[in-house]
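This report concerns only the one structure given below.
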Amino acid sequence: MKMITLLLGILSPLSFVSAAQPDPGHTANAQAVRQTVQQTPDRFTVFDTMNGVSLNDTKQEVLAHKGKPLKVTPDPFTGCSASVYQDAAVVLCDGIVDYVHVGAAAGKMQINGSWIPLSKYRVADALGQPQFRAEDGDVYLRGHHAVKVYTDPETGRLAGVDFFDQASE
């Protein structure tokens, strides 16, 4: 039963991915990208937050950080719900953040306050060598937290990024 719940949890974010869309008025220019790269540390020693959300945050803290979500989608199988924001989907289980998903359409993600453009190469440059390589992407571990960078198997392009507690994987 635990394995089924885990598999459903892994697959659940895929149904929320298309709902998180970038701000239509936001387009990065070359200067903004250069500034972003300059603000990004060479390597992250810990993963504390993604897009302003910590894995220790409660529902109330997420609302305080991110405001009211565009929509909330409950998952009847796990009892969790995805709060979809402009830049991410925040999945809450039992009132605590379970994981954060940033779709490729967001164009960038923020780790520990540093912005990283969502390209396979920019993310790899910022995070270093992955600890694991899977068919669908690379996994970066820092302490108990992990970031998984999903790759589209047909195009090889970055498809999305998840931030989660590695003990839940």
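Just the heavy atoms: all of them, side chains too, but no hydrogens, waters or symmetry mates, feed the values below.
In K59, the NZ atom is not crowded: 12 or fewer heavy atoms of neighbouring residues, nucleotides or ligands sit closer than 6.0 Å.
Annotation: side chain of S83 is in contact with side chain of V72 (closest heavy-atom distance under 4.5 Å). You'll find the side chain of M109 stays beyond 4.5 Å of the side chain of R122, heavy atoms only.
In this structure, F163 and L55 approach most closely via the heavy-atom pair CE2-CG, 3.6 Å. Across every non-hydrogen atom of L118 and G103, the tightest pair is CD1-O, 3.4 Å. In terms of heavy atoms, T151 sits closest to G156 at CG2-O, 3.2 Å. Taking all atoms of both residues into account, the shortest heavy-atom contact from Q129 to R133 is OE1-NH2, 4.2 Å.
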Inset, instruction - Under the side chain to side chain contact (heavy atoms under 4.5 Å, CB included) rule, what do L141 and F132 come out as? Steps first, then yes or no, please. - result: CA-CA 9 Å; L141 304 175; F132 300 101; 3.2 Å; yes

Inset, instruction - For the pair Y85 and V62, evaluate side chain to side chain contact (heavy atoms under 4.5 Å, CB included) and give the outcome as yes or no after the intermediate values. - result: CA-CA 11 Å; Y85 291 92; V62 172; 3.6 Å; yes

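Between the side chain of N51 and the backbone N or O of D87, at least one donor-acceptor pair lies under 3.5 Å. Distance alone, capped at 3.5 Å, places no donor-acceptor pair between the Q86 side chain and the A106 backbone.
Between H101 and Y150, the ring planes are tilted. Angles from 30° to 60° get that label.
Atom NE2 of H65 and atom OG1 of T49 lie 9.0 Å apart (nearest 0.5 Å). The distance from the CG atom of D136 to the NZ atom of K148 is 3.5 Å, given to the nearest 0.5 Å. Rounded to the nearest 0.5 angstrom, F44 CZ and Y140 OH are separated by 11.5 Å. Taking CE of M50 as the start and CG of D162 as the end, the distance is 8.0 Å to the nearest 0.5 Å. Rounded to the nearest 0.5 angstrom, I96 CD1 and C80 SG are separated by 11.5 Å. Rounding to the nearest 0.5 angstrom, the gap separating the CD1 atom in I116 from the NZ atom in K108 is 12.0 Å.
Linking ILVMFWY side-chain heavy atoms closer than 4.5 Å, directly or via other members, places L63 and V97 in a single hydrophobic cluster. Grouping the Ile, Leu, Val, Met, Phe, Trp and Tyr side chains by contacts below 4.5 angstrom, directly or via other members, places V100 with L92.
Ionic pairing of D138 and K120 is not present here: no N-O contact between side-chain nitrogen and carboxylate oxygen is shorter than 4.0 angstrom.
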